[in-house]
Amino acid sequence: MMSLTDLIRSAVKESIKGLYGDIAEPLDIQITPTKPEFEGDYTVVFFPLIKVLKRRPDELGTQLGNKLLELYPASFSKFNVIKGFLNLSFSDSLLSDFLRENFINGSFGTQPSNGKTVMVEYASPNTNKPIHLGHLRNIFLGWSMAEILEANGFKVIKSSIINDRGIHICKSMIAWQMFANGATPESTHTKGDHFVGNYYVRFNDVYQEQIAALVAEGMDKKQAERDAPIMKEAQEMLVKWEQGDEEVRSLWATMNGWVYKGFDETFKRIGIGFDKVYYESDTYLLGKDYVKEGLEKNILFKKEDGSVWIDLNDVKLDEKLLLRGDGTSVYITQDIGLAVQKFEEYSLEKSIYVIGDEQLHHMKVLKEICRKLGFGFADAIYHLSYGMVELTTGKMKSREGTVVDADDIVEEMVQTAAAHTAELGKVEGTTEEDLKALYETLGLGAMKFYLLRVDPKKRMLFDPKESIDFHGFTGPFVQYTYARIKSILRKAAVSAETISFSKSDSLLPLERQLMLLLETYPNVLADSAREVNASLVANYAFSLAQLFNSFYAEHSVLKAENNEKQQLRLALSLFTANVLKSALKMLGINAPERM
RNA sequence: GGCCCCGUAGCUCAGUGGAUAGAGCAACAGCCUUCUAAGCUGUGGGUCGAACGUUCGAGUCGUUCCGGGGUCACCA
């Protein structure tokens with residue numbers, strides 16, 4: 001179905017044609033919602049026409065308005081003209097037809113399959129430490145974008161690449177060997193990722209002590225960093241790992257297993273998952289073949305020491321190393337290989353990487369290298385970059401212990417939800433099990449909404465006080481609005497199919513506003529997919545909830561003036577509930593039936 | 001230093017060339033015998049970092065400057 005703004009656009013074109021004939025140059029006519037202080041639903045900004053047609057604004061506007069009413073009497077009821085603005089009002093019948101056709105449709109706004117596949121790579125944790133707040137922004141963004149793209153007709157492959165090899169995991173392993181005495185997550189009742197993370201911290205503590213000791217003996221700091229015994233051991237272990245040493249590989253597999261078990265618990269609790277998981281231990285050798293090919297084609301060049309480079313100066317990106325002198329690969333080498341693998345395996349329309357903005361440069365380089373190597377998919381690589389999450393106390397630094405742990409913050413949010421719910425005492429008679437689920441729904445809803453409501457590309461401030469607030473621009477506010485509507489619908493005790501209303505003249509302002517806002521939902525979904533920006537959906541969900549609450553306070557549904565009104569308002573309420581539920585789903589948030 | 005991002009109310013953020021720049025929080029004043037007050041209504045609060053330019057029209061586009069951040073690894 002055509003959106004209302006598209007309807008106006010085409011109607012305006014027809015009207016201009018009818019009035020003035022064909023106009024040579026294509027006009028870009030802007031259509032915006034009418035400001036509340038003026039009468040009307042949408043405003044046609046026709047300033048550009050004044051110049052082209054050389055007419056007085058009021059004359060032109062009036063002629064245009066009259067023509068629109070003449071040609072589309074069923075759609076428009078009235079208009080007014082102020083300067084270059086033509087404020088149009090839709091007829092009540094058009095709006096109620098719209099309501100009637102869509103209020104029952106739970107998937108309003110979503111598109112049928114378009115046959116295209118998109119991959120969203122997100123989360124991509126390291127296996128040496130637990131997930132923290134910054135990862136949560138990444139994870140919620142990735143999940144949300146996957147939902148939004150799916151709603152826009154794409155088949156979405158949710159993927160993750162787990163950074164499971166390298167010096168970082170060797171550090172945890174060394175520390176475990178030295179200090180654990182065979183302890184395991186089970187024996188210490190510790191979540192696996194935290195368990196391993198603790199040894200990573202332990203490694204760094206010892207490492208710092210050793211450096212300090214060496215420096216105290218008069219060694220240069222840089223030298224000390226290289227010579228610290230524990231670091232040497234970690235490096236030796238990495239070499240053994242690469243040689244496939246059985247003992248090292250076995251310990252590596254065991255410790256990573258602990259981490260995965262911990263991650264899985266967290267992922268399950270926050271309600272996210274993946275279709276395809278890549279492991280760096282499988283992919284780190286990928287990409288070398290393409291480098292060799294590029295070398296043969298003279299796209300790349302070799303330096304005297306045998307290292308292979310690409311010259312990106314033409315796009316202001318300097319030179320980039322692709323293979324070390326000893327033939328081993330660097331990070332971007334495997335990125336190239338994995339990128340190819342993704343496109344080959346899934347014939348992707350687009351490959352989205354949810355990665356922090358500190359890697360903007362890296363991703364630009366990756367894309368450019370792919371382009372230079374002649375990969376057709378280069379332009380389909382999209383970096384969804386997001387800003388760092390900062391704390392009111394400053395940046396999160398693992399070394400300084402200022403990292404907000406994901407499991408901790410989620411638990412805190414859920415506890416807050418529980419306390420708040422108990423305080424309000426509105427859900428008495430609910431089973432223990434349902435209550436528990438509700439607390440999770442609310443706590444996670446608050447958390448996810450808080451991290452998704454801000455434009456992803458901007459860095460954001462995490463204010464603990466604000467984040468656990470369940471009032472105002474928050475997830476629970478939207479959830480509450482949904483629960484309120486469901487309460488009305490339960491009390492009305494009608495099934496959706498039986499709701500019907502026929503003539504509905506005299507729509508009240510708030511009823512019109514709700515219909516108009518509901519009508520824009522498909523556009524919001526499309527925009528957020530096109531712009532790869534989930535915050536548009538969060539903002540929309542809030543606006544809709546806000547507007548419904550105003551409507552709710554002003555007009556009664558169950559005690560409406562007459563039966564016709566009641567039916568219309570029931571439809572309007574159900575429609576709003578459907579869209580709120582859908583919008584929340586796009587953010588990975590559940591909608592509670594009561595709260 | 002080169003390149004990139006950001007700068008809007010006390011704070012956190014919307015605002016995708018259009019009318020007198022909007023929300024939430026915080027502050028203050030109201031609203032529950034009426035569908036869930038996790039709500040609603042109202043008040044106060046702004047030289048949109050600065051200047052110049054383009055335009056009928058600039059928070060939005062351009063240039064320069066100021067302030068904040070990121071990045072420019074044979075790290076991942």
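All chains are named by letter (A, B, ...) in the order of the sequence lines, taking the proteins before the strands, and each is independently numbered beginning at 1.
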### Query
Of the nucleotides B:C3, B:A23, B:A76, which one has an atom closest to the side chain of A:Phe542?
B:A23
### Message
Does A:Thr421 reach a base, just sugar-phosphate, or nothing at all? Heavy atoms under 4.0 Å.
### Response
base
### Summary
All heavy atoms of A:Leu88 vs all of A:Phe79, minimum pair found to be CD2-CB, 4.0 Å
### Of the listed nucleotides B:C56, B:G18, B:G24, the one nearest the side chain of A:Glu466
B:G24
### Message
Classify A:Leu442 by what it touches in the nucleic acid, base, sugar-phosphate, or nothing, heavy-atom distance under 4.0 Å.
### Response
base
### Query
Partner of B:C52 by Watson-Crick or G-U wobble geometry, both contacts under 3.5 Å, or none?
B:G62
### Message
Just to be sure I understand the rule, does A:Ser307 reach a base, reach only the sugar-phosphate, or reach nothing, if contact means heavy atoms closer than 4.0 Å?
### Response
base
### Query
With distance as the sole criterion, is a donor-acceptor pair present between the side chains of A:Ser89 and A:Asp41 under 3.5 Å?
no
### Query
With sugar-phosphate meaning primed atoms plus P, OP1 and OP2, does A:Val454 contact a base, only sugar-phosphate, or nothing at under 4.0 Å between heavy atoms?
sugar-phosphate
## Note on the structure
Considering only heavy side-chain atoms of A:Ala483, the closest of B:U36, B:G17, B:G70 is B:U36
### Query
Would you say A:Lys35 reaches B:A19's phosphate, i.e. side-chain N/O to OP1/OP2 under 4.0 Å?
yes
### Task
Can you tell me the pairing partner of B:G17 across any strand shown, Watson-Crick or G-U wobble, with both distances under 3.5 angstrom?
none
### Task
For A:Leu438 and for A:Arg453, locate the closest nucleotide of RNA chain B by heavy-atom distance; then report the residue assigned to the nucleotide nearer the 5' terminus.
A:Arg453
## Note on the structure
By the Watson-Crick or G-U definition, both distances under 3.5 Å, B:C3 is matched with B:G70
### Query
Any donor-acceptor pair under 3.5 Å joining the side chain of A:Asn87 to the base of B:A19?
yes
### 5'-most by nearest nucleotide on RNA chain B - A:Leu424 or A:Phe38
A:Phe38
### Task
Locate the shortest heavy-atom distance separating A:Ala483 from A:Arg594; write the atom from each residue and the value.
CB-CA, 3.8 Å
### Task
Describe the nucleic acid contact of A:Tyr480 in one word from base, sugar-phosphate, nothing, applying a heavy-atom distance below 4.0 Å.
base
### Query
With a cut-off of 6.0 Å (strictly less than), are more than 12 heavy atoms of other residues, nucleotides or ligands near NZ of A:Lys303?
yes
#### Entry: Presence of donor-acceptor pair under 3.5 Å, side chain of A:Gln359 and base of B:U71
no
### Query
Nearest to the side chain of A:Asn549 - B:C74, B:C35, B:G39?
B:G39
### Task
Go through B:G39, B:G18, B:U36 for me and flag the one nearest to the A:Phe47 side chain.
B:G18
### Query
Can you tell me how far P in B:A29 sits from the matching atom in B:G15, rounded to whole Å?
34 Å
### Summary
For B:A23, the nucleotide meeting Watson-Crick or G-U wobble distances (both under 3.5 Å) is B:U12
### Message
Heavy atoms only, 4.0 Å cut-off, all strands: where does A:Asp463 land among base, sugar-phosphate and nothing?
### Response
nothing
### Atom CD of A:Glu561 with >12 non-hydrogen neighbours under 6.0 angstrom
yes
### Task
Please confirm whether any donor atom in the side chain of A:Gln30 sits under 3.5 Å from an acceptor in the base of B:G18, or the reverse.
yes
### Residue A:Asp305, side-chain atoms from C-beta onward, closest of B:C40, B:A76, B:C74
B:C74
### Query
Strictly by modelled atom types, are A:Asn128 and A:Ser172 linked by a side-chain donor-acceptor pair under 3.5 Å?
no
### Message
For the P atoms, the ones on B:G59 and on B:C25, what distance do you get once it is rounded to whole angstrom?
### Response
28 Å
### Query
How would you label the contact of A:Ser535 with the nucleic acid (heavy atoms, under 4.0 Å): base, sugar-phosphate, or nothing?
nothing
### Task
Could you tell me whether A:Lys457 contacts a base, only the sugar-phosphate backbone, or nothing, with contacts defined as non-hydrogen atoms closer than 4.0 Å?
sugar-phosphate
### Task
Please give the nucleotide sitting opposite B:A29 as a Watson-Crick or G-U wobble pair, both distances under 3.5 Å, or none.
B:U41
### A:Arg484 versus A:Asn549, side-chain donor and acceptor atoms under 3.5 Å
yes
### Task
Just compare B:G70, B:U36, B:U71 and give me whichever is closest to any side-chain atom of A:Met388.
B:G70
### Query
NA contact type, A:Ile161, heavy-atom cut-off 4.0 Å: base, sugar-phosphate, or nothing?
nothing
